[in-house]
**Student:** 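Before I ask anything, here is the structure I am working with.
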Amino acid sequence: MVSIFVEGKSYAAREGENLLSTLLSLGFDVPYFCWHPALHSVGACRQCAVKLFKDEKDAVGRIVMSCMTPVTEGMRLSVDDPDALRFRRSVIEWLMLNHPHDCPVCDEGGECHLQDMTVLTGHDYRRSRFRKRTYRNQDLGPFVNHEMNRCIQCYRCVRFYRDYAGGRDLNAFAAHDSVYFGRAEDGALENAFSGNLVEICPTGVFTDKVFKKRYSRSWDLRTAPSVCVHCGLGCNTFPGERYGTLRRIRTRYNREVNGCFLCDRGRFGYGFGAGSGRTLPLPAAMTVEGIAESIRTARSVIGIGSPRASMESNFALRALVGPGNFVAGFSSRERDLLSLILEALQGSAQKPAAARAASLSEAERSDAVLVLGEDPLNTAPLLELALRQTAMAKARQAAQALGVPHWNDHPVREIGQHIKAPLFLVTPYRTSLADIAEVSVTAGPDGISQIGHALTRAIDPDAPGRTLPKDPAGVPVDRIARALLEAERPLVVSGTACASASVIKAAANVARALKRIGKDAGIIFAVPECNSLGLALLGGMSLDEAFARAQKKKPDALVVLENDLYRRAPKRDVEKFLRRCGNVIVIDHFETATAVEAEHFLPAANFAEGSGTLVNNEGRCQRFFRVIPPSAQVGESWKWIRDIMAAAGKLQKGEWEDLDAIIGSMVKDLPGLAAVSRCAPGADFRSSGMKVPRDSHRCSGRTSMDANVSIHERKPPDDGDTPFCFSMEGADLNLPAALIPRYWAPGWNSVQALNKFQREVGGELIGGETGARVFEGAGSPGGEPAVGRAAYYPGSPLTGERRVPKGDFLILPRFHVFGSEELSAAAEGVASRAPRTYIGLSKESAERIGLSEGAEARVVSDVEGGSFSAVLPVRLIPGLPQSCALLPVGLPGTEWLDLPARGSVRAPGAVESTERRPAKRRGQRKVKDG
Amino acid sequence: MVERPLTERIRPGLEPPRIEEYRESGGYRPLERVLRAMGPGEVAAEVRDSTLMGRGGAGFPTGLKWSFVPMGEQAPRPKYLIANADEKEPGSFKDRVLLEGNPHQLIEGMILAAYAIQAEKGVIFLRAEYRLAETRIKRALAEAAAGNYLGENILGSGFNLDISLHVSGGRYMCGEETGLLNALEGRRATPRAKPPFPQVSGLFGRPSVVNNVETLSNIPHILERGAAWFKGLSLTKEGGTKIYGVSGRAKSPGWWELPMGTTLREILEERAGGMLPGVKLRGYLPGGASTDFLAPEHLDLPMGFEAVQKAGSRLGTGTVILLDDRTCPVGFVLSIARFFARESCGWCTPCREGIPWIEKILAAIERGEGEEGDLPLLEEQARLLGPGNTYCAFAPGAMEPLQSALRLFREDFLEHIRKKRCPWR
C-alpha cells in the first residue's frame, strides 16, 4: 500500500491499481461510463477525468483519466478541481447532444447510470441548437429490447458480449457520431448471457423486454434477496414484485458465485408461473384435515421429495411420511450420481473428501482446468462464463511482464490474444468452450473415464490400477497432467451431464491425486437442479425403489412434493405407479403432468412467493426470501405439510410456526445441515430495531395502490418467517450481505450503486459473504495430503459404449441451456429459444446409416420392458464418437428415457437387418454404468 | 553531390524504375553491403546518428523509435516492420510520389529497417485510393522476391523477411499508427492506449515498428552515404531533405524535394511561381489539415520541425495548403471540420460528439445563422478537445486549424455573424 493525496488529504491505496477504482473504493463519487468492475479500463468515455499534480508546488496540474492512471506513491490529485469538474460536465454535455432525453418514457429512467452521472456532474442546460441523430432499432429476440437513439457509445455492451462472454453476433458498426451497436441483421441475440446487457448498458439502449411487457418503475418494485432456481449453481438474484406479480429478475452480487452476472435462463426463466401467467389448479374439495385423515389412516404411505423444492419443504415431507418412506425424487441413476458427488465433496466413512469444493470465483482464477464430460454452457451457464475468464489470468501475467497493468483491458487482450485458456476438455462432443481451450478432445463416457484414470496415474504414480496405454486414443494425457501439475490452482470440473458414474469417479480421482501430491486442487460438479445436492444430503429412496415397493405393498397415500414424475421415469412406470397408489396428493406451484393426475392438489409457493433454503452444487446453503405477499390460497409446501401434520396429530400445535422453527427442527434432526440455519439471519434480526423493508423508500403510490378498492390503506401483511417486512418502513443500513434487498445509495440509483456495498471495487460485500457451506472444512486447502491410496476409486471397468452391439448406439443425454430445465422451459421467451428436439449423430454414423442433417430417423430403445420410440430429425454433432448418439433432455416431443441408454437409429422405412442382429436379442438391458 | 536522394530516380508521369534499372543506378547496393558487413545494431546507430525524424507528421526521431524494440534471443516473435502508406492527410501527396515513382526504394528501406530491428514480417499499409501505387508495389515486391531481396535467407545473409501489401479499407484513422495496427488485425480502426507502445506490443501483440513511407525511403541513402552526409543535406539540425508540397491558388502547385528547413517563401516564390495574379496570401497550413494556420509574416520561417513548432504550428507532412483572400476562411475551416467530424473513429466522447457539434456551429455561421455566443463556444470547444483530454491526437490535431483561424481571421467570423451571411457569396 502507498499513500496518495486527494484534495490534500492522505489515503492508503494499492500501488499500480487504477485511480478510478481506487477512488470509488475510497468512497469518492467519480463519474464514469466505459469502466466496469468486471470489464476494467479502456479510457473511451473520458468521464472520469481528475486533476493530477506533479508535486506539492504544482498548482496548475493536468487532467488525466483516472481509469487509465496507475496509483503511484505520493501522487497528488484533485477530484473537485474546477478544470476537472468543467471537463466532466462537458463530457455529459457532449453525450447529451444526441441523447434523446426521453427519460419519462424510458424503461431505464430512475435506475439510469447516465441520469445519475448527469446529476453528479451538474450539467443541466442544453446549449446546442441542432438536431439529434437517430437510428433504426433492431429486434434482438425475446429478451433484450433495443433503443439505439439513447446510446452514449461507451462500448461496454460489445466488450461484455464479445470479450467477456464470447458472443459473436453483437458488434460495433459505423464510425464518428453514428457508431451503432447491434447485430448485422435483426434476430435473437445468440449468446446465453445477453440479458446482462440490460445491466451493463449505462442507459436505456438495452432494456429487459420481458419486464417491458409488464413494466413497473424500478423504485416501485418490491425486492428481496433471492436465489436462482434454474440450475444447481445458485446464482444470487433480486426478484422484483409489483401488485402481487413478479416483474423481473436482476443480478444480486455474490463474489464467490455469480459476481455481477446472470445467464438468460436465470434472468428470463421466471415466466413459468411466477408471473401473471400462473394458473392455479383449483384446490381440491378435500381439506387439509381430510388429507391428514387419509394419511393418518393409511397403512402404507410414500412421500416423494424434489430437487427443485427447498430444504425446508423436503425435510417437512420426510418428517410427515417418516425417513423410511421418503423418496428423494430422483431416478436411481441420478441418486447414485449425486451420492458419488457428495462422497467426493464431503467424504464418507471410507473416503475423505477428494478435494475442496470450489466456487465459481475460484474457477475464474484457476490456472489449469480439466473438464471431464461436462458441458457447462448448457448445464451450469455461469460456470461457462467463469471458465471463459481463465485465459485472462495468463494474459494479465504476460501483460504485466511488459509493464502493462492488469486493469488496462485492451492492451492485456492484445498481448494475450495468442494465449489459449488453460482449459482441457474431455467431453462427448465439442462444446462451446472448445474454441478457446488449449485441448479439446471427445470421447464417450467410457473413454472419458479412461482418460481420467490415465491422468490420475500420471499425476500420482501411486494410484492403483493397471497402467493404461499411454495417450489413449491420441489424447495428450502427459500434456494435460503436466499442466495440472504445474498449475498453482488446478481445478477439475465434472458433473451429471454424461449421467455416468465412472466419469464422476474419474474426476474425483484426478482431484484426489492432485490433492495427494500437495496441490491446492479444487473440484466443481455441475448438478441439474437448484437443490439437487441439498436433497441428496437428506437421503431417501430412489423413484425406482419406490415403484418397486409400491408393487409389493400398495401405498394408501402418496404425497408428491414439487416434482413431475414424468420427467424422471418412463411414462408407463409412472402411470402404473400412480394407479397403484391410493390417494395421490400433489403439492406444487406449477401445473405438471403429475399434478394433473392428482386427486388432491395443494398450491405451493414458488421461490418468489415463499422463503426457504437451497443448497448449491458446492454445498453452499443460501436463503431466498419471498417478494410476493402471502395469500390465503398459496403457501410454502412445508407449511401445507405442517398443517397436515398438525391435523394428523403428528405435530404439537405451534410447532414449526415459522421458518426458523422448522430449520431448527431440521438441524436438530440432521446436525450436518447446521449451515442451513447459519446461511442467513433469522426472523428476529433487526436493523436499528426495525425490520428490513422490501419496498424502497422511493416507492411511490403506496397509499393509492389499492385505492380503487378501498381508500383506506391496508395494513401491510406480516412476515413472521423472515427479517423483512412488506412495507417501506424499516431500516436497510449496514445489513448482513444475505439480507441486502437492493443496491441503492444517494445519487446512485442504478446497478452501479453496488460499489457502495463493497469493501472495495470487485471485492467482498461490506455485509460479509452470503451463504454458508455445508462442506466447510472437508477437503479444505492443505488438508489430508496423506490420504491413503485406498481412497481412489478403482480403475474403470469398461461398460457403456464398448458393449453396444455393432450398429446400435449409446444414447447420451444432451442438455440445452434453453429448454432442458423444467421451470424455465415454460417461460415464453426461453421456450422460443429452445431448439426442436433431434437425435444427434456423428457425421460418419449418419452416413453409415444413410441419414443426413435434418433427415428423419427412428430412434428405438427398449429398456427393461419399457420402450422408447420416436421419429426425430438428425443433427450432425462435431466430435461425437461414432458409438454414441445424443438425445436432448427435457425438450417437448419425446418421452423420458433413462440416459445413457442403448438404442438404434434407423431411417424410418429401413428394415432391421436380420444378419446383424440375432433373432433372440441379448438382454436389451439398461446400460449399467460404472 | 546528390541533393535529391529521394526523388532523383523518379520520372513524373512515367513508369518507375524496374528492378534492373534500380540496381543499375545503385539501388539495393546499400542493402547488399549492409547484409554483408553490418550488424543490426550498426544500422540502427547509423540511422540514429543521421538525425532522421519521422516524416509522417510527428517528427519523432526514427532511431529512437527503433531503439525501443526488444532485441536478442528472448525477444517475442515474430516482429513486424510496417510501412505506413495510408497517406490520408488532406492536402498531402508526398508519399504518393514515392510509392508511384520508386517503390523499390521503399522496399529497400523496409528491408534495411527490418534488418535493424530484426523483424521477419513486413507490411505495406496502402491507402485504398492509391490504385496505381498498388499495381507498382505488387510488381516491385514480386521482382524483389525473385531477386532474393525478400524471402528466406536474403542474399545468403541468413536474414529472412516477407513483405505483404495490405490495401486499406479507407479511413483516416487507419493512418494513425495504432489504428493502423487494429485495422491490420481486422478490428475497428480505433487507436490504442499507449503505453504499451507498438515497439513492445504492436501488430498481434508483437513488437512492431510503423514508419512513414518517406522515412523508410531515406534509409537506403543514409546507409549508402552515411549519417554525416545526410545531416549535411539539411539546413537545420534535422537531417536530410524533405518533400514539400503546395496546394491552393499558387501559379504552379506541386511537390519538390528540398533541403530540410527551406523557407516557404523560397518554396512558394521560386518553385510554385508565387500566387495567382490578383490573389493575395492570407495564411497557410504548413503540413496538412491538422496543423495550425500560419500568417504570411511567417513566410521566411525555415520549414523544419522545430522552427515551425516554435512559430505555433507543426511541420506535419510538409505539404502546405494556402488560404487566399478570395476564399472564405470560415468555409475553409468548416470544410476541414467536416472532414474530421466524418473521420472521427467514434471511440472517445469529446472527439466523437465534439467535432460534429463544432462542424454544425461552423456550418450555421457560414449559412448566416451564426449567433453571438458561437465564437466563445467554439473557442471553449477547441480548448476542451485539446491534448490529454481525448484518447488520441486526432481531435487536438483537428482543433489546430480552428483555434488558429479564430485568432487570425476573427473579424471574418464576426462579419458572418453580423451580416447574417457569408461575405464571399
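Please read these numbers as outputs of a predicted model, since none were measured by experiment. Note on naming: letters A, B, ... go to the chains in the order of the sequence lines (proteins, then strands), and numbering restarts at 1 for each one.
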**Student:** Has A:Arg62 got a side-chain atom pairing as donor or acceptor with B:Gly388's backbone, closer than 3.5 angstrom?
**Tutor:**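 Not at all, since once roles are kept as given, no pair shorter than 3.5 Å links the two residues.
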**Student:** So, taking the atom named NE2 in A:His410 and the one named OG1 in B:Thr178, what distance separates them when rounded to the nearest 0.5 Å?
**Tutor:**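 The OG1 atom of B:Thr178 is 11.5 Å from NE2 of A:His410, to the nearest 0.5 Å.
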**Student:** One thing to verify: whether B:Glu369 and A:Arg129 come together as a salt bridge, which I'm taking to mean a side-chain N less than 4.0 angstrom from a carboxylate O.
**Tutor:**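 So A:Arg129 does not pair with B:Glu369 through a salt bridge.
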**Student:** Mind ranking A:Pro411, A:Cys154, A:Ser128 by heavy-atom pairs under 4.5 Å with chain B and telling me who comes out on top?
**Tutor:**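 So the answer, after comparing A:Pro411, A:Cys154, A:Ser128, is A:Ser128.
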**Student:** Relative to chain B, which of A:Ala172, A:Ala399, A:Ser178 shows the most heavy atom pairs under 4.5 Å?
**Tutor:**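 Result: the option with the highest number of such pairs is A:Ala172.
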**Student:** Kindly indicate, with the supporting measurements, whether the criterion side chain to side chain contact (heavy atoms under 4.5 Å, CB included) is fulfilled by B:Thr349 and A:Gln47.
**Tutor:** CA-CA 8 Å; B:Thr349 308; A:Gln47 185 61 71; over 6 Å; no
**Student:** When you look at NZ of B:Lys121, are more than 12 heavy atoms from neighbouring residues, nucleotides or ligands closer to it than 6.0 Å?
**Tutor:**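 Count not over threshold, so no.
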**Student:** Answer yes or no: is there an ion pair linking A:Arg127 with B:Glu380, defined by an N-O contact shorter than 4.0 Å?
**Tutor:**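 So A:Arg127 pairs with B:Glu380 through a salt bridge.
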**Student:** Heavy atoms only, distances under 4.5 angstrom: which of B:Pro350, B:Ser201, B:Gly354, B:Ala364 has the most pairs with chain A? Name it, please.
**Tutor:**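 Of the candidates given, the most pairs with chain A belong to B:Pro350.
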**Student:** Just so I know, are the side chains of B:Pro356 and A:Asp177 near enough to count as touching, which here means a heavy-atom distance under 4.5 Å?
**Tutor:**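 Counting from C-beta outward, B:Pro356 and A:Asp177 do come under 4.5 Å.
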**Student:** Which bit of B:Pro195 is near chain A, if near means a heavy-atom gap under 4.5 Å: side chain, backbone, both or neither?
**Tutor:**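 The backbone, not the side chain.
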**Student:** At a 4.5 Å cut-off on heavy atoms, which part of A:Asn171 comes close to chain B: side chain, backbone, both, or neither?
**Tutor:**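 Interface part for A:Asn171: neither.
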**Student:** Between CD1 of B:Ile355 and NE2 of A:His176, what distance do you get to the nearest 0.5 Å?
**Tutor:**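 Rounded to the nearest 0.5 Å, the CD1-NE2 separation comes out at 11.5 Å.
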**Student:** Indicate the atoms forming the closest heavy-atom contact of A:Met65 with B:Asn389, along with that distance.
**Tutor:**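 A:Met65 and B:Asn389 have their closest heavy atoms at CE-O, 3.8 Å.
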**Student:** Does any heavy atom of chain B fall under 4.5 Å from the side chain of A:Ile63, the backbone, both, or neither of them?
**Tutor:**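 Backbone plus side chain of A:Ile63, per the 4.5 Å heavy-atom cut-off to chain B.
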**Student:** Which atoms of B:Glu371 come close to chain A, meaning under 4.5 Å heavy atom to heavy atom: side chain ones, backbone ones, both, or neither?
**Tutor:**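 Answer is both: backbone and side chain atoms of B:Glu371 are under 4.5 Å from chain A.
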**Student:** Checking the side chain of A:His418 only, and the main-chain atoms of B:Phe204 only, is there a donor and an acceptor separated by less than 3.5 Å?
**Tutor:**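 Yes: the side chain of A:His418 pairs with the backbone of B:Phe204.
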**Student:** Where along residues 334-348 of chain B does a heavy atom come under 4.5 Å of chain A, listed by residue number?
**Tutor:**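 Within residues 334-348 of chain B, near chain A: B:Ala341, B:Arg342, B:Ser344, B:Cys345, B:Gly346, B:Trp347, B:Cys348.
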**Student:** Which bit of B:Thr390 comes within less than 4.5 Å of chain A, counting heavy atoms only: side chain, backbone, both or neither?
**Tutor:**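 B:Thr390 touches chain A through backbone heavy atoms alone.
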**Student:** Under 4.5 Å from any heavy atom of chain B, what part of A:Phe173 do you find: side chain, backbone, both or neither?
**Tutor:**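 Backbone only.
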**Student:** Grab the two heavy atoms, one from A:Val42 and one from B:Tyr391, that are nearest each other, plus how far apart they are.
**Tutor:**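 The pair with the smallest heavy-atom distance is O-CE1, 3.1 Å.
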**Student:** Pair A:Arg133, B:Glu353 - check side chain to side chain contact (heavy atoms under 4.5 Å, CB included), show working.
**Tutor:** CA-CA 11 Å; A:Arg133 158 209 69 198; B:Glu353 307 291 343; 3.9 Å; yes
**Student:** Is it true that atom NZ of A:Lys132 has more than 12 heavy atoms of other residues, nucleotides or ligands lying nearer than 6.0 Å?
**Tutor:**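 Yes, the 6.0 Å shell around NZ holds more than 12 heavy atoms from other groups.
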**Student:** Using non-hydrogen atoms only, which part of B:Leu377 is less than 4.5 Å away from chain A: side chain, backbone, both, or neither?
**Tutor:**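 The side chain, not the backbone.
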**Student:** For atom CZ of A:Arg131, decide whether the heavy atoms of other residues, nucleotides or ligands shown that lie under 6.0 angstrom number more than 12.
**Tutor:**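 12 or below, so no.
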**Student:** Between B:Arg188 and A:Tyr155, which heavy-atom pair has the shortest distance, and what is it?
**Tutor:**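 For B:Arg188 and A:Tyr155, the tightest heavy-atom pair comes out as NH2-OH, 4.0 Å.
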**Student:** For the interface with chain A, which of B:Arg206, B:Lys194, B:Arg352, B:Arg187 has the highest count of heavy-atom pairs at distances below 4.5 Å?
**Tutor:**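 Highest number of pairs under 4.5 Å: B:Arg352.
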**Student:** Could you walk me through whether A:Phe87 and B:Arg383 pass the side chain to side chain contact (heavy atoms under 4.5 Å, CB included) check?
**Tutor:** CA-CA 10 Å; A:Phe87 183 74; B:Arg383 228 178 13 254; over 6 Å; no
**Student:** Around atom CZ of A:Arg168, are there more than 12 heavy atoms of other residues, nucleotides or ligands at under 6.0 Å?
**Tutor:**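 Atom CZ in A:Arg168 is not crowded, with 12 or fewer foreign heavy atoms closer than 6.0 Å.
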**Student:** If you count heavy-atom pairs under 4.5 Å between each of A:Met68, A:Gln153, A:Glu414 and chain B, which one has the most?
**Tutor:**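 The option with the most such pairs is A:Glu414.
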**Student:** Surrounding CD of B:Glu372 (heavy atoms of other residues, nucleotides or ligands, distance under 6.0 Å), is the total greater than 12?
**Tutor:**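 Count not over threshold, so no.
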